Amino acid sequence: MRSRPVLTVLAAVLSLLAACERRPDGTAQGAEASSGQLNIYTARHYDADQQLYAGFKEATGIEVRTIDGNAAQLVERMKAEGPASPADVVLMADAGALWRAEDAGLLQPTQSAVLSERIPANLRDPAGRWFGFARRARVLVFSKAAAPPNGQAAYADLADPRFRGRVCVRSSDNVYNLSTLAALTELWSRDRASAWARGVVANMARPPQGGDIDQIRAVAAGQCDVALANSYYWIRLARSQNPADKAAADRTVMVFPEQADGAPGALVNISGGGVAANAPNRANAVRFLEYLTSAEAQAILAEANNEYPAVQGAETPQALRPYADFRPAALPVAVYGRRQAEAQALFDEAGWR
Ligand code: FE
């Protein structure tokens, strides 16, 4: 009988089709639909990310392959690859960097009920091209001597004449600083943000140089009294087993700015990602982004880089709790990209190199 194998094959095809049925949010359901692979272009390079990929494989059967690079390298690579790009998911730090990928047409919109329910609206692109999966705060790091006695500080302090010659910052082409000034422009006004940038330049202890960790070390070494940094850098030093790193944190104070009554709250940025414009494994890409919102993935993501979970109600890992008590600004992080060019112009006018 020849009909039997044909029927068997037909039944198998039908059950596969059933398994491939779409959920209302557009993602595929069923293990069969998601077996295969996923190519992640990532600007994150933490050992713990291997845990994420292993956890995702265990949950879905999907094999993860990664291409590493910094945000600019990944953008250039995807542009060069064009429609043939194997990239399915793009992961980057800072909404300003994700915006550059979005602006270059390298990300596509994703409709997912899971993502829009779990990730607060201000931490994702309104059009669904990228989503925040972990949060970081833009903090002030003071020397012990200059730390505010009441624990309250404001971004405006960096431009205050009392810190003349006592401020350390990195260069203005750095995306963290571009996002910071973009946010201040939105919170205040273009004029006030411009005056702030000029005030910070007047207060610089030295020409902008180095990364965030270098600013913290400079404060610890007494070269300046206050610096601007991302929270995870200071927390990394505070949690370090390296005596020199630990000492740098011990000699400085991390302050979440804008916590006073009526103040807007500390500026928050994200690490996040989205689905690549030409993703060959689109359904797998969406499943991966959804996996990143799971309790397990949120904990791994946060702990790997001393960040805070982005998902509403996700638990802050135990080790980060001593550094997690602050009120974030409610600003949509999408503003950082929209105002990036304006921020760069204000930095240039101010002479902030
Ligand atoms: Fe960083």
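Along the sequence shown, residues are numbered consecutively beginning with 1. Bear in mind the structure is a predicted one, so any value in this text is a computation, not a measurement. Atoms within a ligand are numbered from 1 in the order they appear, just like the ligands themselves.
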query: Is any NZ, NE, NH1 or NH2 atom of the basic residue among Arg164 and Asp225 found under 4.0 Å from an Asp or Glu carboxylate oxygen of the other?
result: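 A salt bridge is absent here (no side-chain N lies under 4.0 Å from a carboxylate O).
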
- prompt: From Trp196 CH2 over to Trp188 CH2, what is the distance, rounded to the nearest 0.5 angstrom?
  reply: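 Rounded to the nearest 0.5 Å, the CH2-CH2 separation comes to 6.5 Å.
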
query: Among side-chain atoms of Gln223 and Arg217, is any donor-acceptor pair under 3.5 angstrom?
result: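 No pair is found: no donor N or O on one side chain lies under 3.5 Å from an acceptor on the other.
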
message: Using the Fe ion (ligand 1) as the vertex, how large is the angle between OH of Tyr232 and OH of Tyr233, rounded to 10 degrees?
response: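 Between OH of Tyr232 and OH of Tyr233, at the Fe ion (ligand 1), the angle is about 120°.
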
task: Give the cluster check for Leu74 versus Trp99: same hydrophobic cluster or not, with ILVMFWY residues linked at side-chain heavy-atom distances below 4.5 Å.
output: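 Looking at the clustering, Trp99 is in a separate group from Leu74.
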
- prompt: Do any of the N, O or S atoms of Asn305 sit under 2.8 Å from the Fe ion (ligand 1)?
  reply: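 Within the cut-off used here (under 2.8 Å), Asn305 places no N, O or S atom near the Fe ion (ligand 1).
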
message: Under 2.8 Å from the Fe ion (ligand 1) - does any N, O or S atom of Asn230 fall there?
response: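 Checking the Fe ion (ligand 1) against Asn230, no N, O or S atom falls under 2.8 Å.
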
